[in-house]
Asks: 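First, the structure itself, so that you have it in front of you.
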Protein chains: 4
Amino acid sequence: MDTREKLLHSAKKLFASKGFDRVTVDEIVKDAGVAKGTFYLYFKRKEDIIREVAIMAMPFQALSDVFKSVDRESFRNLGDYLRFLGEKFFEHYSDRELACIFFHTVSIKSSITSLNDLHRELCSKLIKEGTRRVLEFVNIEEKKAEVLFRTFLGSLLHYLYSEDCSPIDHKEYLENLVQILTNSINNSTSSK
Amino acid sequence: MDTREKLLHSAKKLFASKGFDRVTVDEIVKDAGVAKGTFYLYFKRKEDIIREVAIMAMPFQALSDVFKSVDRESFRNLGDYLRFLGEKFFEHYSDRELACIFFHTVSIKSSITSLNDLHRELCSKLIKEGTRRVLEFVNIEEKKAEVLFRTFLGSLLHYLYSEDCSPIDHKEYLENLVQILTNSINNSTSSK
Amino acid sequence: MDTREKLLHSAKKLFASKGFDRVTVDEIVKDAGVAKGTFYLYFKRKEDIIREVAIMAMPFQALSDVFKSVDRESFRNLGDYLRFLGEKFFEHYSDRELACIFFHTVSIKSSITSLNDLHRELCSKLIKEGTRRVLEFVNIEEKKAEVLFRTFLGSLLHYLYSEDCSPIDHKEYLENLVQILTNSINNSTSSK
Amino acid sequence: MDTREKLLHSAKKLFASKGFDRVTVDEIVKDAGVAKGTFYLYFKRKEDIIREVAIMAMPFQALSDVFKSVDRESFRNLGDYLRFLGEKFFEHYSDRELACIFFHTVSIKSSITSLNDLHRELCSKLIKEGTRRVLEFVNIEEKKAEVLFRTFLGSLLHYLYSEDCSPIDHKEYLENLVQILTNSINNSTSSK
DNA sequence: GATGAATGAGAATTCATTCAT
DNA sequence: CATGAATGAATTCTCATTCAT
């Protein structure tokens with residue numbers, strides 16, 4: 001692991017536990033085992049490393065990769081598709097640090113213009129793309145498809161957010177979620 | 001508005017826009033139009049006002065009041081009930097500042113023990129209570145009821161979170177969400 | 001106990017335990033059970049109450065009263081006289097708070113001109129007067145008499161100062177001290 | 001002189017003249033010619049430098065070294081021994097700053113637990129060791145030996161304390177003090 | 001006399017950033 | 001590339017003092 005990676009790794013760990021603003025550059029370099037000055041060889045300012053770590057933790061990272069690599073033909077139906085997305089989501093956030101950082105990112109993004117813009121862009125893209133995919137499987141109004149997809153995402157995020165409030169295994173949670181959503185559609189509309 | 005309220009009001013506004021850690025006590029008192037020392041007359045430390053504002057913004061504030069004041073008899077079915085909860089939710093967060101603060105709170109809570117504990121407690125209670133209410137309306141497995149309620153909450157939160165990513169009117173969003181969830185139930189089980 | 005006395009009493013207690021500079025006016029009024037503004041009705045500034053309490057605690061208070069009220073004729077010899085002074089000293093400092101305050105006073109006096117001057121004046125007077133009295137009892141050089149008297153005072157003060165370092169009963173300490181000092185004189189010079 | 005030494009040196013000077021609590025970190029760094037942040041590179045908090053300076057000024061520093069380096073054989077009698085200790089004492093406090101700081105330390109120690117404990121420990125040790133040494137020279141009761149040693153120390157401290165109240169040269173003071181104490185012993189007991 | 005809210009100067013402490021080695 | 005001492009602006013927090021009621 002080179003110096004830059006060591007710094008990113010330490011920053012990620014520390015940011016996850018205390019939030020971006022409560023971690024000092026001192027703590028990062030101490031944890032990474034490098035000198036203070038070294039930090040500034042790799043990152044012009046603290047904000048730079050925040051931005052980099054924040055981007056890693058966005059859920060769109062996990063899902064937009066998925067969008068790129070797979071297409072409609074790979075799945076029998078919406079259920080299989082959502083199940084697949086959900087698994088990828090949980091895979092990404094099996095790294096608990098990323099989940100924490102994601103929540104910090106949501107909080108901080110408004111203070112970092114570039115991050116805010118990126119976030120909005122990725123988020124819009126994800127919703128649009130997700131909605132489009134849903135519509136490939138089922139024949140419903142676009143609005144409803146969008147709400148369905150946003151509900152899917154929201155449910156997954158809420159699971160992360162409330163994981164320690166009520167313990168359900170994530171596989172079980174996902175299975176139930178997929179059933180709820182597909183049940184709703186399958187019976188009211190005709191599956192394509 | 002007395003001094004304490006002025007401080008809370010200014011703090012809420014500023015916290016919403018920049019996050020707890022990026023607002024200084026100086027900014028708060030300047031906005032509130034009082035002297036620096038006055039702040040410490042009402043809040044022993046900055047963390048105290050953070051805690052107080054954070055608690056105001058928790059979604060459980062909005063919903064737990066609802067739980068207390070209404071019961072099953074008031075509603076014809078699950079749909080009406082969720083619609084009612086959703087309206088209360090959006091009413092609470094029609095104050096956009098509260099929504100912003102909520103996201104900051106999720107981020108910061110891990111650094112403030114008392115807040116973390118309170119959050120977990122309220123969150124657990126809300127999930128438990130919400131699940132119980134769902135079961136009063138429909139005859140499904142408890143696990144599924146819980147996922148359904150968490151999905152409902154998650155969807156609402158995700159709406160707040162991604163409001164500026166894709167514009168759907170919140171009434172329309174809620175209506176679609178309720179339909180998705182109730183449709184799912186109505187078609188797979190017998191409504192009570 | 002009137003308000004002024006209540007304030008002095010509380011100040012004395014608090015000053016004793018934490019030193020003048022580490023006690024706030026707030027703490028004093030809280031302990032005295034009066035309002036903050038009331039303090040300033042009785043003392044123009046914090047320094048005024050410090051000065052007043054400091055003066056109460058000076059060892060010269062205890063001893064100079066003694067000087068005024070008694071004279072040579074009342075005592076058979078130097079031993080009796082020193083024993084009497086020592087008893088008065090311990091009587092005064094049986095109030096442990098006064099002893100603590102005395103040490104704080106020694107420390108702070110240089111920062112409060114009026115206190116420093118008063119202290120030096122009282123201290124000089126005490127040494128001069130003490131030396132004169134010793135010379136009424138024994139026929140020794142003036143220098144030696146002064147050292148003897150200062151040694152007597154120093155020993156008493158050192159007792160207070162190191163009371164919790166090695167436990168000797170104060171009566172026993174005084175008795176031994178008087179014996180050491182008188183033994184030295186009686187055998188080398190002729191008692192008057 | 002490195003930065004840390006510069007800070008200690010400045011602190012010592014300022015503490016001596018105004019007491020620990022009336023000297024600000026700002027004054028120290030200004031006097032030392034370094035930036036404010038630099039102070040906190042060497043001392044975690046102001047109390048740390050107070051503690052360090054306070055320890056330097058304790059009389060036990062001066063005397064306990066003496067105890068280690070010399071033994072009974074080096075001296076003909078108690079007088080020589082006390083004379084030697086006294087000289088070391090005055091040597092140590094020829095640095096007037098140390099004397100001032102010592103009095104501040106006595107005042108402040110009760111507010112700094114670690115300092116209070118250290119002080120008590122060193123003080124007890126000094127009294128115990130001093131008493132033991134006295135008993136090597138003369139054949140008197142242990143209690144009396146302890147009072148004699150504490151009187152010796154007290155007299156020296158009182159000299160420092162009242163130096164500007166009555167001017168006696170410190171050599172002359174010491175000589176008279178030693179005579180008073182040894183005379184007392186020689187006349188009442190047999191020297192070993 | 002008594003009150004206590006309000007003040008603001010001032011003190012301690014933090015921390016991102018620079019730079020000479 | 002790497003270092004870590006030095007910086008100083010920014011921040012939190014304290015507290016003696018005032019003053020309108």
Side-chain angles (χ1 to χ4, degrees), chain A residues 2-4 6-7 20-30 32-50, chain B residues 2-4 6-7 20-30 32-50, chain C residues 2-4 6-7 20-30 32-50, chain D residues 2-4 6-7 20-30 32-50:
Chain A
D2 70 17
T3 305
R4 194 168 200 282
K6 274 194 281 185
L7 286 168
F20 300 119
D21 288 343
R22 300 192 173 198
V23 173
T24 66
V25 174
D26 254 86
E27 288 174 290
I28 296 172
V29 297
K30 199 179 162 190
V34 303
K36 183 97 138 280
T38 306
F39 178 90
Y40 289 89
L41 291 177
Y42 295 96
F43 304 93
K44 220 176 155 57
R45 27 191 69 257
K46 188 188 170 190
E47 209 183 274
D48 290 355
I49 201 173
I50 290 180
Chain B
D2 69 17
T3 305
R4 192 167 201 281
K6 276 195 277 183
L7 286 166
F20 300 118
D21 288 342
R22 300 192 173 200
V23 172
T24 66
V25 173
D26 258 71
E27 288 174 290
I28 297 172
V29 296
K30 201 179 161 188
V34 301
K36 185 124 58 121
T38 306
F39 177 90
Y40 290 93
L41 224 51
Y42 295 95
F43 303 95
K44 233 180 152 53
R45 34 195 68 256
K46 188 188 169 190
E47 208 182 275
D48 288 356
I49 201 173
I50 290 180
Chain C
D2 69 17
T3 305
R4 193 167 201 282
K6 275 195 279 184
L7 286 167
F20 301 118
D21 288 343
R22 300 192 173 197
V23 173
T24 66
V25 174
D26 255 86
E27 289 175 290
I28 296 172
V29 296
K30 199 178 164 192
V34 302
K36 185 98 139 278
T38 307
F39 179 89
Y40 288 90
L41 291 177
Y42 296 97
F43 303 95
K44 219 178 156 56
R45 26 191 70 257
K46 188 189 171 190
E47 208 183 276
D48 290 355
I49 201 174
I50 291 181
Chain D
D2 70 17
T3 304
R4 193 167 201 282
K6 276 195 277 184
L7 285 167
F20 299 119
D21 288 341
R22 301 193 171 199
V23 172
T24 67
V25 173
D26 257 72
E27 288 174 291
I28 296 171
V29 296
K30 200 178 163 190
V34 301
K36 185 125 60 123
T38 306
F39 178 89
Y40 290 92
L41 225 52
Y42 296 96
F43 303 95
K44 232 180 154 51
R45 33 196 69 256
K46 188 187 169 191
E47 208 183 278
D48 288 357
I49 201 173
I50 291 180

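Since the structure is predicted, the reported quantities are computational estimates derived from the model, not experimental observations. We name chains A, B, ... by the order of the sequence lines, and we start the count at 1 in each one.
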Asks: Can you sort out which residues in residues 21-28 of chain D have a heavy atom within less than 4.0 Å of DNA chain F? Ascending by number, please.
Replies: none
Asks: Find the distance between CD1 (D:Ile49) and CZ (D:Arg4) and round it off to the nearest 0.5 Å.
Replies: 7.5 Å
Asks: Of the non-hydrogen atoms in D:Glu27 and D:Arg22, which two are nearest, and what is the gap between them?
Replies: OE1-O, 3.5 Å
Asks: Nearest nucleotide by nearest heavy atom, which residue falls closer to the 5' end of DNA chain E, D:Glu47 or B:Phe39?
Replies: B:Phe39
Asks: Nearest whole angstrom, please: distance from the P of E:dT13 to the CD1 of D:Ile49.
Replies: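 It is 12 Å, rounded to the nearest whole Å.
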Asks: Rounded to whole Å, please give me the gap between NZ in A:Lys46 and P in F:dA9.
Replies: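 Spelled out: NZ on A:Lys46 to P on F:dA9 is 20 Å.
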Asks: Nearest 0.5 Å, what's the NZ-CZ distance between D:Lys44 and D:Phe39?
Replies: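 D:Lys44 atom NZ to D:Phe39 atom CZ measures 12.5 Å (nearest 0.5 Å).
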Asks: Can you find a heavy atom in the side chain of D:Leu7 that is under 4.5 Å from one in the side chain of D:Val34?
Replies: yes
Asks: What's the CG-P distance between A:Leu7 and F:dT3, to the nearest Å?
Replies: 10 Å
Asks: Treating D:Lys46 as the side-chain partner and D:Phe20 as the backbone partner, does any N or O pair qualify as donor plus acceptor under 3.5 Å?
Replies: yes
Asks: Quick one, D:Val23 and D:Ile28 - any side-chain contact, counting heavy atoms below 4.5 Å?
Replies: yes
Asks: Working to the nearest 0.5 angstrom, can you tell me the gap between C:Thr24 OG1 and C:Lys36 NZ?
Replies: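 Answer rounded to 0.5 Å: 8.0 Å.
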Asks: Specify the residue among B:Leu41 and C:Val34 whose closest nucleotide of DNA chain E lies further upstream toward the 5′ end.
Replies: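 Comparing both residues, the 5'-ward one is C:Val34.
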Asks: Can a side chain N or O of D:Arg45 be found less than 4.0 Å away from OP1 or OP2 on E:dA12?
Replies: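 Checking E:dA12 against D:Arg45, no side-chain N or O comes under 4.0 Å of OP1 or OP2.
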Asks: Please check the phosphate of F:dA2 (OP1 and OP2 only) for any side-chain N or O of A:Thr3 closer than 4.0 Å.
Replies: yes
Asks: C:Lys36 side chain N/O closer than 4.0 Å to the phosphate oxygens (OP1, OP2) of E:dG4?
Replies: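 Checking C:Lys36 against E:dG4: no side-chain N or O falls below 4.0 Å of OP1 or OP2.
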Asks: Can you tell me the distance, in whole Å, between the NZ atom of B:Lys30 and the P atom of E:dT7?
Replies: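 In whole Å, E:dT7 P lies 15 Å from B:Lys30 NZ.
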Asks: Does D:Tyr40 make a side-chain N or O approach to OP1 or OP2 of E:dT14 shorter than 4.0 Å?
Replies: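 The answer is no; no side-chain N or O of D:Tyr40 sits under 4.0 Å from OP1 or OP2.
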Asks: How many Å lie between CZ on A:Phe20 and C1' on E:dC15, as a whole number?
Replies: 18 Å
Asks: Should A:Val25 and A:Tyr40 count as side-chain neighbours, where that means a heavy-atom distance under 4.5 Å?
Replies: yes
Asks: Measure the distance from CZ on C:Phe43 to P on E:dA2 and round it to the nearest whole Å.
Replies: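 For the pair C:Phe43 CZ and E:dA2 P, the rounded distance is 12 Å.
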Asks: When the C1' atoms of F:dT21 and E:dG1 are considered, how many whole Å apart are they?
Replies: 13 Å
Asks: In whole Å, what is the span from the OH atom of C:Tyr42 to the P atom of F:dT17?
Replies: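 It works out to 18 Å between those atoms.
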Asks: What is the distance, to the nearest angstrom, from the CG atom on B:Asp48 to the P atom on F:dT12?
Replies: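 The answer, rounded to whole Å, is 14 Å.
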Asks: Given Watson-Crick or G-U pairs with both distances under 3.5 Å, what dot-bracket string fits DNA chain F, with | for other-strand pairs and [ ] for crossing?
Replies: .||||||||||||||||||||
